J.: 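Right, I'll just put the structure down here and ask away after.
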Amino acid sequence: MQGLPIKRQKWSEDFGEWFRNVLINAGIMDYRYPIKGSGVWMPYGFKIRRNVLQIIRDLLDNTGHNETLFPLLIPETSLAQEAAHVKSFEGECFWVTHGGYEKLMVRYALRPTSETVIAPMLKLWIRSHADLPMKLYQVVNVFRHETKATRPIIRMREVEPFKEAHTCHASGEEAEQQVQQAVELYKRFFDSVGVPYVVSRRPEWDKFAGALYTIAFDMLCPDGKALQIGTVHNLGQNFAKAFDITYETVDGDQEYIWTTSYGISGRGIAAVMIAHGDDNGIVLPPKIAPIQVVVVPVPYKGQEQEVNQACADVAETLKNSGYRVELDLRNELTPGNKFYYWELRGVPIRVEIGPRDLANGVVTVVRRDTLKKQPWKMDDVVSGVETFAEEVARDLKANADTWMRERVYRVDHLGEAKSLLKRKAGIVEVLWCGKDECGHNLEETVEARILGFPEDTTTKVDGKCLICGEPAVNVVRVALAY
Ligand code: 5CA
Ligand code: ZN
């Protein structure tokens with residue numbers, strides 16, 4: 001395959017280039033398709049994608065969500081039904097205008113998201129309180145004519161995968177509880193793959209079009225910029241009213257339903273690679289690694305046969321214990337080349353066997369994250385791999401958490417906020433009175449974006465708004481953002 005020039009990967013110095021090169025060289029996504037903003041999930045990347053989606057599907061399936069599949073095309077008449085929604089999305093839609101040579105009477109949009117796809121069906125499906133709550137989700141591609149620079153996986157025009165959940169409820173309180181459950185589910189997902197995040201309630205001017213409010217997950221990239229990796233929206237009765245979706249209450253009255261929606265895209269997969277990358281490539285948590293253990297012979301002239309056989313036996317033993325194992329017996333590569341190859345691809349555990357190991361009845365186990373080598377009794381290789389896999393998962397999460405926590409600053413002076421953001425130090429928290437005007441003013445002054453209020457703190461703030469000096473109502477997070 002025609003790869004990119006292999007440069008020493010610079011995770012911390014040039015994260016954009018690091019990410020682009022890793023995607024192609026590790027066989028994850030090839031974004032050289034002749035349409036900007038579309039990409040190809042390659043075999044190895046597709047396996048990572050499938051493992052990540054499995055975690056998300058399990059979380060949703062186990063909490064009363066049902067997977068469905070709705071159409072890709074939206075008649076313009078449907079899209080236009082909710083005013084705020086159409087205003088925000090119509091300029092971002094790809095439009096289908098013709099069927100063959102024939103001009104369509106009503107244009108179709110390729111779904112930029114699916115509230116207006118699902119709503120007309122909910123109107124048919126929901127009759128009474130007995131039909132509620134209804135929690136649906138689908139994993140699809142959505143299309144957005146993004147005007148900002150596209151980035152592979154992170155900002156696509158064909159966004160794939162796009163996991164969107166849509167729920168319907170009989171009351172506002174229930175919808176509110178669903179929002180909380182969705183936040184909990186996403187926390188569990190990101191925790192399980194060791195991606196650190198902050199959860200913020202977006203300011204009014206940055207909420208999802210048609211929502212009452214939006215709660216967002218943001219991670220921090222190595223370049224100090226925040227990346228939105230998931231969002232949960234309380235849609236109130238906005239879509240229910242726009243599409244006239246009502247249900248019969250216990251008392252026999254007709255009421256509009258309440259809805260929520262929440263989504264995670266391929267960015268959730270990118271997040272794992274970004275959070276745990278280093279100069280050698282990606283490092284995958286064992287849970288989502290397509291190959292959890294690679295077994296590499298380090299033969300000595302004349303002893304190839306025995307060493308290869310021992311490797312095959314160890315690989316077989318590990319496979320039988322349920323691990324996803326690759327036995328790398330390629331002749332054309334040196335052991336060093338193989339190490340490099342699998343390190344780039346993030347295989348969390350490597351088992352090496354050389355003649356000396358063989359003589360001593362041991363294997364050498366190497367962790368991808370620290371590259372530390374340790375001998376382990378060959379007869380006991382399964383417990384060795386188990387121990388190391390647990391340690392890798394635990395340490396990846398712990399290190400990523402520490403890295404991010406060190407980059408969240410609480411400051412009391414505007415000048416300090418400004419200088420931290422100027423040097424892309426991370427996320428800055430300041431006090432705010434809550435007025436939109438001060439928010440906009442703050443964004444302009446520090447030349448960064450407001451992520452929102454911390455969603456997970458209940459502590460009352462004591463102090464003054466950094467902009468106007470009036471009593472502050474909350475902490476607000478500011479960061480450079482993708
Ligand atoms: N209907 C709602 C809930 S699914 C919705 O569309 N929300 S969203 O617009 O916020 O998108 C959900 C998530 O998709 C975002 O949090 C973001 O992480 C991701 N996303 C949005 N646009 C793109 C894009 N162009 N490329 C990759 N991921 C994207
Ligand atoms: Zn203020």
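Keep in mind that this is a model prediction, so the values were computed, not measured. Indexing begins at 1, ligand by ligand and atom by atom, following the structure's order.
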J.: May I ask you to decide if His169's main-chain N or O and Glu174's side chain share a donor-acceptor pair within less than 3.5 Å?
T.: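 A pair under 3.5 Å: no.
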J.: Is it true that a side-chain atom of Thr63 and a backbone atom of Leu59 form a donor plus acceptor pair closer than 3.5 Å?
T.: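 Yes: the side chain of Thr63 pairs with the backbone of Leu59.
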J.: Please enumerate all residues that pass salt bridge (Lys or Arg N to Asp or Glu O under 4.0 Å) together with Glu184, with sequence neighbours excluded.
T.: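 So Glu184 forms a salt bridge (Lys or Arg N to Asp or Glu O under 4.0 Å) with Lys187.
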J.: So, Arg345 side chain and Asn25 main chain: donor-acceptor pair closer than 3.5 Å or not?
T.: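 Yes, because the side chain of Arg345 sits within donor-acceptor range (under 3.5 Å) of the backbone of Asn25.
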J.: What are the distances between nitrogen or oxygen atoms of ligand 1 and protein nitrogen or oxygen atoms, counting only those under 3.5 Å?
T.:
unit_1   : atom_1 : unit_2 : atom_2 : d
ligand 1 : 1 (N)  : Thr113 : OG1    : 2.6
ligand 1 : 1 (N)  : Glu115 : OE1    : 3.2
ligand 1 : 1 (N)  : Glu115 : OE2    : 2.7
ligand 1 : 6 (O)  : Thr113 : OG1    : 3.1
ligand 1 : 6 (O)  : Arg144 : NH2    : 2.9
ligand 1 : 7 (N)  : His233 : NE2    : 3.0
ligand 1 : 9 (O)  : Arg144 : NH1    : 3.0
ligand 1 : 9 (O)  : Arg144 : NH2    : 3.1
ligand 1 : 10 (O) : Thr231 : OG1    : 2.6
ligand 1 : 16 (O) : Gln228 : NE2    : 2.8
ligand 1 : 16 (O) : Thr231 : OG1    : 2.8
ligand 1 : 18 (O) : Gln228 : O      : 3.0
ligand 1 : 22 (N) : Arg144 : NH1    : 3.4
ligand 1 : 25 (N) : Glu146 : OE2    : 2.8
ligand 1 : 25 (N) : Met156 : O      : 2.8
ligand 1 : 26 (N) : Ile154 : O      : 3.3
ligand 1 : 26 (N) : Met156 : N      : 3.0
ligand 1 : 28 (N) : Ser265 : OG     : 2.8
ligand 1 : 28 (N) : Arg267 : NE     : 3.4

J.: Parallel, tilted or perpendicular for His233 and Phe208, by the 30°/60° rule?
T.: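 The rings of His233 and Phe208 lie parallel, inter-plane angle below 30°.
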J.: In terms of ring plane angle, is the pair Phe190 and Phe217 parallel, tilted or perpendicular, where the classes change at 30° and 60°?
T.: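 Tilted, since the angle between the ring planes falls between 30° and 60°.
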J.: Find out whether the Lys NZ or Arg CZ of Lys225 is both under 6.0 angstrom from the six-membered ring centre of Tyr482 and within 45° of the ring's axis.
T.: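 Lys225 over Tyr482 ring: yes.
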J.: For the metal site, I want the angle between atom SG of Cys468 and atom SG of Cys465 with the Zn ion (ligand 2) at the apex, to 10°.
T.: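 Centred on the Zn ion (ligand 2), the SG/SG angle is 110° (to 10°).
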J.: What angle, in degrees and rounded to 10°, do you get at the Zn ion (ligand 2) when you join it to SG of Cys438 and to SG of Cys433?
T.: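 Taking the Zn ion (ligand 2) as the apex, I get 110° for this pair.
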